[in-house]
*Asks:* 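The structure's right below; bear with me while I get my questions together.
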Protein chains: 2
Amino acid sequence: MRATIKDVAKLAGVSTATVSNVLTGRKNVSESLRRRVNEASAELDYKPNSIARSLKTNQSHTIGVIVPDILNPFFAEVLKHIGYEASRKDYQVVMYESGESVRQEKKLLQQLVESGVDGIIDITSRLDREELKAGFSVPLVLGDRVAFDSVGNVAFAHTDNHASGRIAADHLIERGYRKFACIAGPVDATSAARRRLEGFREGLQEHGFTEQDLLVFLCKFSFDDGYRMMNHFLDIYNQEENCAVFASSDIMAWGAVEACKSRGIRIPEQIAIIGNDNIWCSKYIEQGLTTVEYPAKELGIRTMGMLLEALNHGGVFREREVILQPSLCLRNTT
Amino acid sequence: MRATIKDVAKLAGVSTATVSNVLTGRKNVSESLRRRVNEASAELDYKPNSIARSLKTNQSHTIGVIVPDILNPFFAEVLKHIGYEASRKDYQVVMYESGESVRQEKKLLQQLVESGVDGIIDITSRLDREELKAGFSVPLVLGDRVAFDSVGNVAFAHTDNHASGRIAADHLIERGYRKFACIAGPVDATSAARRRLEGFREGLQEHGFTEQDLLVFLCKFSFDDGYRMMNHFLDIYNQEENCAVFASSDIMAWGAVEACKSRGIRIPEQIAIIGNDNIWCSKYIEQGLTTVEYPAKELGIRTMGMLLEALNHGGVFREREVILQPSLCLRNTT
DNA sequence: CTGAAAGCGCTAACAT
DNA sequence: ATGTTAGCGCTTTCAG
């Protein structure tokens, strides 16, 4: 059986309060007693029971993280950096996948608060304004989710997705493409996908293109859907024009690339593809995928940073919204 | 403030013991009281405080998982399925990355038990026999780590890595290759890498090849190291022979492929490459990477299954070792 | 079948 | 500066 604070107190000949005080360091204890306590706890190899501590202090030092799919390198990278930051600050992270399902997301959110986490980071949330309006019983940071008039203890960190769409449009137009498709992801469900499409559309319009020049495909944020949508597009596409497609995540862009390859269509000669995210392996997709960089590492660090900040200040956020900037990452598919 | 069991008891006009009994269902309670308790707890939206429960029952319903690197799709997949299984059984998963460092691994292991997890899954552990000999204070499943005369509450699940090496060797020889290199990973640190190399070597020897015919490169299990090692090899390699390389993980194989591409070396005409793992994207590496399938999903499911089994039986394992079988996954790089 | 009460291991008032 | 003690929210004997 593991030694308890009582054992240490007895061995050191002091009260449990004194032991607690030297271990937490929250109160002054005389040098001599401090020494005796430290020796005793070393001798017994005493480790505080963190569950008992949590019960008493009402803090679990645990945060919950929800990502859609851990196999998507973008989310894996965000998660990795959330983990780093958490470790540095002595927080645990419990990880869940929503699988791009609102139902699942809601269930997880509820489970998480019931399980007693101190705070939550939810990446690409599908919850709408109303569902957040009432506030939340623990601080919640929504990553990669456009902000709204924020209430209660929820905060936002995301890249300017509208700008991402603009960057893609500007680049494609400058390159001389004149017909466009957008594999847009779950536009109705996530604001990230929606904003990218809006930015893209706006960019085209400002250069005089119309809805006639753009084909939009809605799907999930997955390789398989990128592949499928590209195939649908190629089925109806007659190759007479100078055409480019914007896939609003690299994993979909990758799927699109493979769909082309499987039909023997050359990129970018016969069709151009630009992605969004710049996951680590984009460099190696088809000799280098042109894409719009989304600073995943930064997102992880910032979401965790905001959450910790709130946790250390009674659950209130100092910053309510952090916006990161995307940038063009030029390679060989456009 | 969240309702407690006392609030429910008061509202229902019963004792807290009765509330506990109906909620846990461990004892018979009369129909009438059961109804009143359920109504009261519904009205107050009562959720048991799981931390208090943990303190009392000494079970956190949390398990710790350590993987080397979550960006490696192989580990991401294992983790995904561990997560699925955990969710199905109402367990939480706290996730950590060891970054292929023993020091970090040990630190995490200790942290994990101190934090009160019920059990631990450690993928590609670098701990040696001696360090495990003493047993462990919670059940521990080592995934992808060759077993030894197991003691205490530690168990093993892994693929027959020796067979993987054999499969690679047999295939390469059958294809007509006569000179070999192995990008072998951290052979000294992890038994998985060591066993793959041993199997590969043995396969070569049985067909009459000698140490003269094999060049071995030690490195980390990463894309970058695969890339670097392949470059080293190409620096000293004169292309006169029919040559093949076995990279003992797909992520390294991918790096090796890219190194070849960057030098304009054609695969498999000028050099063949076979990997190990069959991560989801191997299908798309260089028109399809030939590899040895390692059933990652199965590994996740089995490690978690073993752990849960132990958790439900006083911390003792029924199976001490599970061995999965690899198989050749033939594609276009050999 | 039901309730009273002890106690899991710790922290934080409150006394001394 | 140090000790005494109540109590976090729950489960679980043990009596009734």
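Letters A, B, ... mirror the listed sequences (proteins, then strands); counts begin at 1.
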*Asks:* When the distance from NZ of B:K6 to P of C:dA4 is rounded to whole Å, what number comes out?
*Replies:*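 Going from NZ in B:K6 over to P in C:dA4 covers 13 Å.
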
*Asks:* Between A:N49 (CG) and C:dG9 (C1'), how many Å, whole number?
*Replies:*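 Whole-Å distance recorded here is 6 Å.
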
*Asks:* Contact class for A:T24 (heavy atom, under 4.0 Å): base, sugar-phosphate, or nothing?
*Replies:*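 Answer is sugar-phosphate: A:T24 comes under 4.0 Å of backbone atoms only.
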
*Asks:* On DNA chain D, compare the nucleotides closest to A:S32 and A:A52; which residue's is nearer the 5' end?
*Replies:*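 With A:S32 and A:A52 compared, the 5'-side residue is A:S32.
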
*Asks:* Can you check the B:L23 CG to C:dT2 P distance for me, whole Å?
*Replies:*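 My rounded result for the distance is 15 Å.
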
*Asks:* Using chain A heavy atoms and a threshold of under 4.0 Å, write down where along DNA chain D the contacts begin and end, 5' to 3'.
*Replies:*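 The contacted stretch runs from D:dA1 to D:dG9.
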
*Asks:* Verify the neighbour count for atom CZ of B:R2: are there more than 12 heavy atoms of other residues, nucleotides or ligands below 6.0 Å?
*Replies:*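 Above 12, so yes.
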
*Asks:* Between C:dG3, C:dT11, C:dT2, spot the one nearest the side chain of B:S15, thanks.
*Replies:*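 Of all the options, the side chain of B:S15 is nearest to C:dG3.
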
*Asks:* Side-chain contact test, heavy atoms from C-beta onward, threshold under 4.5 Å: evaluate it for A:M304 versus A:I63 and give yes or no.
*Replies:*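 They are in contact (side-chain heavy atoms under 4.5 Å apart), so the answer is yes.
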
*Asks:* So B:Y91 and B:L307, side chain to side chain contact (heavy atoms under 4.5 Å, CB included) or not? Walk me through it.
*Replies:* CA-CA 11 Å; B:Y91 272 80; B:L307 186 56; over 6 Å; no

*Asks:* Starting at atom CD of B:E31, determine the distance to atom P of C:dC1, rounded to an integer number of angstrom.
*Replies:*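 My rounded result for the distance is 12 Å.
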
*Asks:* Taking CD1 from B:I5 and P from C:dG3, how many angstroms apart are they, rounded to a whole number?
*Replies:*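 The distance from CD1 of B:I5 to P of C:dG3 comes to 12 Å, rounded to the nearest Å.
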
*Asks:* Is any side-chain heavy atom of A:I121 closer than 4.5 Å to a side-chain heavy atom of A:V78?
*Replies:*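 No, their side chains stay 4.5 Å or more apart.
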
*Asks:* Report yes if the side chains of B:V22 and B:N38 come closer than 4.5 Å at any heavy-atom pair, otherwise no.
*Replies:*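 Yes, side chains in contact.
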
*Asks:* Tell me: NZ of B:K27 to P of C:dT2, nearest whole Å?
*Replies:*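 One finds 11 Å between P of C:dT2 and NZ of B:K27, rounded.
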
*Asks:* Apply side-chain contact (heavy atoms from CB on, under 4.5 Å) to B:D7 and list each qualifying residue two or more places apart in sequence or on a separate chain.
*Replies:*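 For B:D7, the residues satisfying side-chain contact (heavy atoms from CB on, under 4.5 Å) (neighbours in sequence not counted) are B:A3, B:T4, B:L44.
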
*Asks:* Start with the C-alpha distance between A:T18 and A:S15, add both sets of side-chain angles, then the distance that settles side-chain hydrogen bond (donor to acceptor under 3.5 Å, both in side chains), and finish with yes or no.
*Replies:* CA-CA 5 Å; A:T18 301; A:S15 72; 3.2 Å; yes

*Asks:* Does B:V29 or B:T57 map to a spot on DNA chain C nearer the 5' end, using the closest nucleotide for each?
*Replies:*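 Its nucleotide being nearer the 5' end, the pick is B:V29.
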
*Asks:* Nearest whole Å is fine: how far is C:dG7 P from B:N58 CG?
*Replies:*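 Going from B:N58 (CG) to C:dG7 (P), I get 17 Å.
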
*Asks:* Looking only at side-chain N and O atoms, does B:S30 come under 4.0 Å of OP1 or OP2 in C:dT2?
*Replies:*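 So the side chain of B:S30 is within the cut-off, an N or O lying under 4.0 Å from OP1 or OP2 of C:dT2.
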
*Asks:* Start at the 5' end of DNA chain C and walk down; is the nucleotide closest to B:L33 or to B:T16 reached first?
*Replies:*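 Nearest-nucleotide comparison on DNA chain C picks B:L33.
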
*Asks:* Nearest whole angstrom, please: distance from the P of C:dT11 to the CD1 of B:I51.
*Replies:*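 Computing the B:I51:CD1 to C:dT11:P distance gives 14 Å.
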
*Asks:* For B:N21 and for B:L55, find the nucleotide of DNA chain D with the closest heavy atom, then tell me which residue's nucleotide is more 5'.
*Replies:*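 The 5'-side residue here is B:L55.
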
